[in-house]
Amino acid sequence: MASSTITEPAPATAPAIAYDGGLACALNVTSFDRSIDWYTRVLGMKLLYRMDDIAWCELETSVARVTVGLSQVESVPVGGGATLTFGVTDIEAAKTALDAAGVRQDGPIADVPGMVRYLTFYDPDGNALMFYQDMSGDTASS
């Protein structure tokens, strides 16, 4: 039987990354006008700026130092990219707002008992987004 030796990894030589607490989430969209309207009307974001010459805009969320950048492109592949997940205090109320706006959703609210409830939904270009409600401190959850 051959023996093997486990060696410790070499110490990192690159400096540690110092994050400043900000987060900008970028998504591709096919129409600034439609997407800005949707993100402001449905999700309550605020347009910070729009730069048509470079096909970019940025929206402020209600989460401190988290912004959503939209990059206008000719086509957006369905199912690709990041899933932005926003914490909410009342997922039922958030779902009601999405329902009222006619937003397509991927099934009902899902539950991980004692941990989280979440709901996947889609923007006009098919980008998947999620809401989550933290249930880890909720003693009434089962």
Side-chain angles (χ1 to χ4, degrees), residues 2 4-142:
S4 62
T5 304
I6 298 175
T7 59
E8 293 294 317
T13 56
I17 297 171
Y19 293 96
D20 70 358
L23 176 64
C25 307
L27 293 171
N28 291 329
V29 300
T30 57
S31 167
F32 269 160
D33 293 330
R34 180 183 68 189
S35 296
I36 290 169
D37 173 68
W38 191 88
Y39 279 86
T40 57
R41 181 176 46 79
V42 175
L43 299 184
M45 294 182 187
K46 177 184 169 191
L47 180 65
L48 293 173
Y49 62 88
R50 176 179 174 158
M51 302 176 72
D52 289 311
D53 55 327
I54 62 168
W56 176 260
C57 70
E58 198 159 350
L59 299 123
E60 178 181 55
T61 71
S62 60
V63 180
R65 304 204 56 219
V66 175
T67 61
V68 173
L70 304 177
S71 178
Q72 185 167 302
V73 296
E74 289 187 27
S75 66
V76 175
V78 176
T83 300
L84 306 180
T85 306
F86 301 93
V88 296
T89 58
D90 184 343
I91 199 159
E92 298 286 343
K95 181 180 185 339
T96 298
L98 294 178
D99 291 342
V103 176
R104 181 171 68 95
Q105 298 164 36
D106 187 25
I109 295 169
D111 290 282
V112 178
M115 184 182 279
V116 68
R117 298 182 76 205
Y118 61 93
L119 175 67
T120 302
F121 60 97
Y122 302 93
D123 78 358
D125 285 297
N127 288 305
L129 304 165
M130 293 178 79
F131 284 141
Y132 76 91
Q133 182 175 351
D134 183 352
M135 305 303 283
S136 61
D138 183 0
T139 57
S141 66
S142 49

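With contacts defined as side-chain heavy-atom distances shorter than 4.5 Å, the pair N28/D125 does not qualify. You'll find the side chain of E92 stays beyond 4.5 Å of the side chain of Q133, heavy atoms only. Considering only heavy atoms from C-beta on, L43 comes within 4.5 Å of F131 through its side chain.
Between the CD atom in E60 and the OH atom in Y49 there is a gap of 12.0 Å [rounded to 0.5 Å]. To the nearest 0.5 angstrom, T83 atom OG1 is 12.0 Å from Y118 atom OH. Rounded to the nearest 0.5 Å, atoms CG (L59) and OG1 (T67) are 8.5 Å apart. Remark: R104 CZ to L98 CG distance equals 12.5 Å, nearest 0.5 Å. E58 contributes atom CD, which lies 6.0 Å from atom CG of L48 (distance to the nearest 0.5 angstrom). Taking CZ of R50 as the start and CH2 of W56 as the end, the distance is 14.0 Å to the nearest 0.5 Å.
Each of V73, I36, L70 was scored for a side-chain contact (heavy atoms from CB on, under 4.5 Å) with V29, with one residue passing: L70. A side-chain contact (heavy atoms from CB on, under 4.5 Å) with L119 holds for exactly one of L129, D106, I91; it is I91.
The pair D123-R34 fails the salt-bridge criterion, with no side-chain N (NZ, NE, NH1 or NH2) lying under 4.0 Å from an Asp/Glu carboxylate O.
Shortest non-hydrogen contact noted between R41 and A101 is NH1-CB, 4.3 Å. The minimum heavy-atom distance linking Q105 with Y122 is given by the pair C-CE1, 4.2 Å. A pairwise comparison of heavy atoms in A55 and F32 identifies C-CZ, 3.1 Å as the closest pair. Closest approach of D134 and M115 over heavy atoms only: OD1-O, 3.4 Å. The shortest heavy-atom contact between F121 and M130 is CE2-C, 3.7 Å.
For the 3.5 Å distance criterion, the side chains of Q72 and D52 fail to qualify, holding no donor opposite an acceptor.
With hydrogens and angles ignored, the 3.5 Å screen pairs a side-chain donor or acceptor of T40 with a backbone N or O of D37.
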